[in-house]
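A short worksheet on the structure shown next.
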Amino acid sequence: MKFPSREGLIVVDVQNDFCAGGTLAVPDAESIIPVINTIIPCFDAVIYTKDWHPASHISFSMNPSYMDMSWPVHCVAGSAGAQFHPKLRIAEQSIIIYKGTDPSREAYSAFSGTHLEDILSEHGIRDVYICGLATDYCVKQTALDAVGFQFRTFLITDAIRGVSEKTSKKALRDMNKQGISPVTSEDLLISYTLFP
Ligand code: VGL
Ligand code: ZN
């Protein structure tokens, strides 16, 4: 008998510093939170990632240019800016992944320097659905790595927001080229209603 494939949701970096009032606020970031909250029950497992940098992280700059991947100080481990946005629903028995913890290395992907691949495999998850912040950086790299690790990878297009429109458009093209399928929260809710 074939095991059914279990489905995991990866919620990337929905943290205060990436939302309005944060040090690296992504435009319109908060509008994805109610969308994410409604789809959480559709999944067998929910993995939340946190950008979690030491105060001396290599990406931090007093004069950040963004385009060269230098950023203002953000998501310092343990700080208020690194906490989840207070409106984000945290599923019961959720898994939290901390990334970017090495001071000398940038790590956009949730698989980079973490045990995420093992955790997904241990939970029997072969299909991963990705949402969160930011489309053009951590969402993109997480999705591309998921494909690289042979997960069937989906992008929830109404539950992501990017730093810039131009780089987000390119990110969507790059992800599409690698076989990442776009879905909407509505698709997920409909199929969950039909096949709970
Ligand atoms: C991110 C820039 C720097 C992200 C994290 O979550 O996309 N972007 N650190
Ligand atoms: Zn970061």
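Both counts, for ligands and for their atoms, begin at 1 and track the order of listing. Only a predicted model underlies this, so the values are computations on that prediction, with no experimental measurement involved.
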Measure the distance from atom 8 (N) of ligand 1 to every protein heavy atom, then report the residue, atom name and distance (to 0.1 Å) of the closest one. Tyr137 CB, 3.8 Å
Nearest protein heavy atom to atom 2 (C) of ligand 1, by residue and atom, and its distance? Trp71 CE2, 3.4 Å
Decide whether an N or O pair under 3.5 Å exists between [X] and ligand 1.
X	result
Val12	no
Ala134	yes
Glu106	no
His53	no

Test item: side-chain donor near acceptor, Ser61 and Asn63, under 3.5 Å: no
Ser121 and Asp118: side-chain donor and acceptor closer than 3.5 Å? no
Could you list the atoms of ligand 1 found under 4.0 angstrom from a heavy atom of [X]?
X	answer
Leu133	6 (O), 7 (O)
Cys138	1 (C), 4 (C), 5 (C), 6 (O), 7 (O)
Asp51	5 (C), 9 (N)
Asp13	4 (C), 6 (O)

Looking at Asp51, pick out the N, O or S atom nearest to the Zn ion (ligand 2) and give its name. OD2
Do the rings of His53 and His57 sit parallel, tilted or perpendicular, given the 30° and 60° boundaries? parallel
Between Cys138 and the Zn ion (ligand 2), is there a contact where an N/O/S atom of the residue lies under 2.8 Å from the metal? no
Quick check: are there more than 12 heavy atoms from other residues, nucleotides or ligands sitting under 6.0 Å from CD of Gln83? yes
Any heavy atom of His74 closer to ligand 1 than 4.0 angstrom? yes
State which residue, out of Val35, Leu133, Leu172, fulfils the side chain to side chain contact (heavy atoms under 4.5 Å, CB included) condition with Ile160. Leu172
Report yes if the distance between the aromatic ring centroids of Trp71 and Tyr66 is under 6.0 Å, otherwise no. yes
Donor-acceptor pair, distance only, cut-off 3.5 Å: does the side chain of Thr49 make one with the backbone of Asp13? yes
Is a side-chain donor or acceptor of Glu106 paired with a backbone partner of Ser59 at a separation under 3.5 angstrom? no
Ion pair present between Lys99 and Asp51, side-chain N to carboxylate O less than 4.0 angstrom? yes
How open is the angle at the Zn ion (ligand 2) from atom NE2 of His53 over to atom NE2 of His74, rounded to 10 degrees? 100°
